[in-house]
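We number each residue from 1, following the sequence as shown. Not measured: the values here are computed from a predicted model.
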Amino acid sequence: MSENVVHLHKATDPPTADTATTVLTVVPDAPPARPVPLWVRSGRAVKTVATHETTRATVRAAARHSLYTFNGGRIVARRAWDGRTGSRYERMIRAAEAAGNLEAAEEWEERLQRFRAARHHRRMDLLHSPVEAAKGVAVGAGMSIGVLVALGVVMAINTGHVGDVITPLSATVDFIALLIRIVQVVWGPALTIGPFLALLALWSVGRKQHAAPAWALPANVRNSEGEPITPSIVVKALRDLGVPALARAIKEMGDAGASMLGPIRIAGCGVEVDVTLPSGVSTNEVQAKRRKLAENLTRHEHEVFVTIPQAARTVRLWVADSGALDEPIGPSPLVTDDTMTADYTKGKAPWGQDLRGDAAALSLYQRHLLITGLSNQGKTVALRSLALWLSLDKSVQFLMGDLKGAGDWAMFDGLATTLIQGPTDEHVIQVTEMVEGAVSEMNRRLQAPPGTVFPPLIVLVDEAQVAFMCPAKGTGKDKRPYGGAKADSRYFMAVRKIHNQGRAVNVLMWQGTQDPTNENLPKLVREGAHTRASLALGTESQARMALGDKAVDGGAAPNLLRPGLDRGTLVVASDGITIPAGQSSITVRTHYIDDDAATAITDRAKALRDGITTLHAIDRSAEHDPLADIAAVIGDAPRVRTKDVLARLAARNSDAYGGWSFLDLKRVLDDADAGPYKSDGVMCVARDRVARALANRDGDGSASTD
């Protein structure tokens with residue numbers, strides 16, 4: 001018999017898998033959720049329906065079209081009232097008085113008197129018009145009946161029937177009866193449909209004027225970045241500009257400020273409007289708030305330009321279409337027209353487009369040029385496009401120094417007489433001596449007989465700030481610095497000399513600089529340029545350095561251009577470009593000409609010329625060979641005019657040939673039996689003669705040095 005043993009102590013070892021006891025846990029069911037009350041569910045449904053986008057769109061559409069009709073009726077009623085009464089003239093008078101323009105007030109008062117006199121005359125005519133109308137009707141009816149009877153008599157004579165006498169009269173009566181029946185049939189539906197057509201017309205007027213609150217307008221209009229520029233929008237933008245005197249004057253004007261505005265004209269990719277400011281408001285107060293004005297007009301700051309025209313107390317607003325200035329302009333005519341040529345004296349370089357979309361062309365005749373801006377904004381391309389156009393005039397000579405040395409001007413190799421490329425101090429020294437050679441050529445031309453005509457000589461230095469900042473000094477006895485802005489600076493003084501007298505003999509200085517300061521662009525140099533242009537700059541003080549105080553005070557603001565985004569857009573102050581009357585500057589979006597297109601243009605320019613050997617360094621050695629130098633500057637051309645040979649020799653070595661005259665050149669050539677001769681009435685030097693003289697001299701083993 002077995003007995004069950006009950007252990008009274010608790011086991012300390014954990015149970016194994018075989019001995020573990022299975023425990024079942026019973027989880028009770030969750031209590032049923034409380035039913036959502038009917039009023040809660042109804043509220044949620046109503047909220048969902050009320051906030052659904054379809055419901056919102058429906059409500060907006062209903063409100064929009066209802067207000068279109070209502071406000072369209074108001075607009076039509078206002079127009080009718082203005083047309084029948086003198087209220088428009090009275091508003092203009094009050095506005096002119098509020099603006100302090102008494103002359104305009106008197107003019108509007110005179111117009112009001114003429115309107116009232118004409119209206120009185122019409123009303124007096126109404127007193128006599130019933131009698132006159134009755135007489136007219138009686139006479140007209142009698143004449144009509146007489147004509148019809150006469151026509152019937154003619155018909156009766158023709159047909160032989162007496163009854164035909166009244167045939168035209170009876171036909172006319174039948175026609176009138178037909179018209180009466182048509183009116184009787186149409187009258188009922190017209191009375192029914194007429195009001196709906198009238199409401200439709202009022203709705204159309206309201207829709208065109210967007211006569212509804214902003215929240216009710218369509219999404220494409222409500223959320224658009226640029227609203228159409230209307231008089232009310234311009235006045236509201238000016239009222240909210242934050243100029244107390246301007247806001248008060250607008251509120252006091254009977255027409256709510258509309259009389260301040262001139263016509264809103266389409267101008268290129270935007271619109272233009274002149275605003276006559278009321279008394280007590282200066283133009284610079286509006287200019288200083290350009291950003292706020294642009295935002296009030298729902299535009300970005302770079303899409304609104306504020307300039308001061310010739311009229312007193314007036315600002316001119318140019319407002320671009322939203323996003324239009326971010327669109328590129330077309331290619332340059334230099335690229336699209338392979339037959340284009342240039343004329344330095346009478347022509348203008350196709351540079352780009354102004355903000356109105358018109359072609360912007362620049363005259364380069366006897367004008368020194370300065371282009372500046374921040375780095376990588378298109379300065380070199382803008383400067384190069386002018387040189388490319390001018391290269392198509394085969395009479396123009398170029399001396400070029402590129403102190404960046406990145407190959408931006410490499411396509412002028414074989415076109416420019418001198419082309420120096422590089423950023424080092426040695427390159428600055430070479431460029432300085434090149435400019436000094438141009439000074440010697442200028443002095444030679446100035447000493448020529450009166451009436452002598454000289455070919456244009458363009459001295460072009462890109463990245464000129466490198467030259468002004470160069471610390472290098474001369475060696476030997478001449479310790480003068482090449483850079484700097486003092487009287488002992490060689491580059492500075494050479495540029496100043498060309499600025500002072502160069503244009504008289506067609507020796508012109510073109511410079512391109514970066515990030516201007518008083519150190520890298522001295523005041524005397526920048527003010528010596530006749531054409532000053534600036535791309536995007538960082539500060540207003542730099543804008544004044546680039547363009548001058550007059551241009552900036554007149555509205556020029558290259559410091560408000562967007563670096564990177566407005567690449568190639570520059571502000572120009574020059575009498576060589578067409579500027580709207582009263583303005584001191586113009587904004588130009590220049591054409592972009594890439595390196596390949598520039599090379600193609602210079603190839604065309606080279607084909608127009610006899611051939612030029614480009615110097616890539618200035619020979620500063622003490623010894624030189626005049627006959628060999630003459631052969632070098634002639635290059636591959638069969639003959640070159642003597643004055644061109646002298647100019648090239650001066651550019652090649654100003655110290656040796658800067659003071660040469662025709663007699664010096666003739667002496668060297670005559671000694672070598674290669675004297676100059678006349679061709680088509682012009683003294684020339686023949687390449688074959690000089691080459692034969694060199695061959696004979698070298699064969700004899702002789703050499704000449706000077």
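Using a cut-off of 4.0 Å between Lys/Arg side-chain N and Asp/Glu carboxylate O, Lys289 and Glu285 are scored as not salt-bridged. Using a 4.0 Å cut-off between charged side-chain N and carboxylate O, Arg384 and Asp462 make no salt bridge. A salt bridge links Lys379 with Glu463; the closest basic N to acidic carboxylate O contact falls under 4.0 Å.
Ring pair Phe412/Trp409 is tilted by interplanar angle, where 30° to 60° counts as tilted. Taking the six-membered ring where the residue is Trp, His368 and His499 present tilted rings, their angle falling between 30° and 60°.
No hydrogens or angles considered: a donor-acceptor pair under 3.5 Å links the side chains of Asp644 and Gln397. Asn559 and Arg544 form no side-chain donor-acceptor contact under 3.5 Å, judged by distance and modelled atom types alone. Side-chain contact, Gln353 with Asp358: no donor N or O sits under 3.5 Å from an acceptor N or O. Counted by atom type alone, Asp408 and Gln421 present zero donor-acceptor pairs between their side chains at under 3.5 Å.
The CZ atom of Arg490 lies 11.0 Å from the SG atom of Cys470; values are rounded to the nearest 0.5 Å. Annotation: the span from Ile458 atom CD1 to Leu390 atom CG amounts to 5.0 Å, rounded to 0.5 Å. A distance of 8.5 Å separates CG of Leu521 from CE of Met545, quoted to the nearest 0.5 Å. Leu570 CG to Arg589 CZ: the interatomic distance, rounded to the nearest 0.5 Å, is 11.5 Å. Separation of atoms CD (Glu303) and CH2 (Trp318) is listed at 8.0 Å; rounding is to 0.5 Å. Rounded to the nearest 0.5 angstrom, Thr513 OG1 and Ile371 CD1 are separated by 9.5 Å.
Scanning all heavy atoms of the two residues, the minimum distance from Val428 to Ala467 falls at CG1-CA, 3.8 Å. In this structure, Thr314 and Ile308 approach most closely via the heavy-atom pair O-CG2, 3.8 Å.
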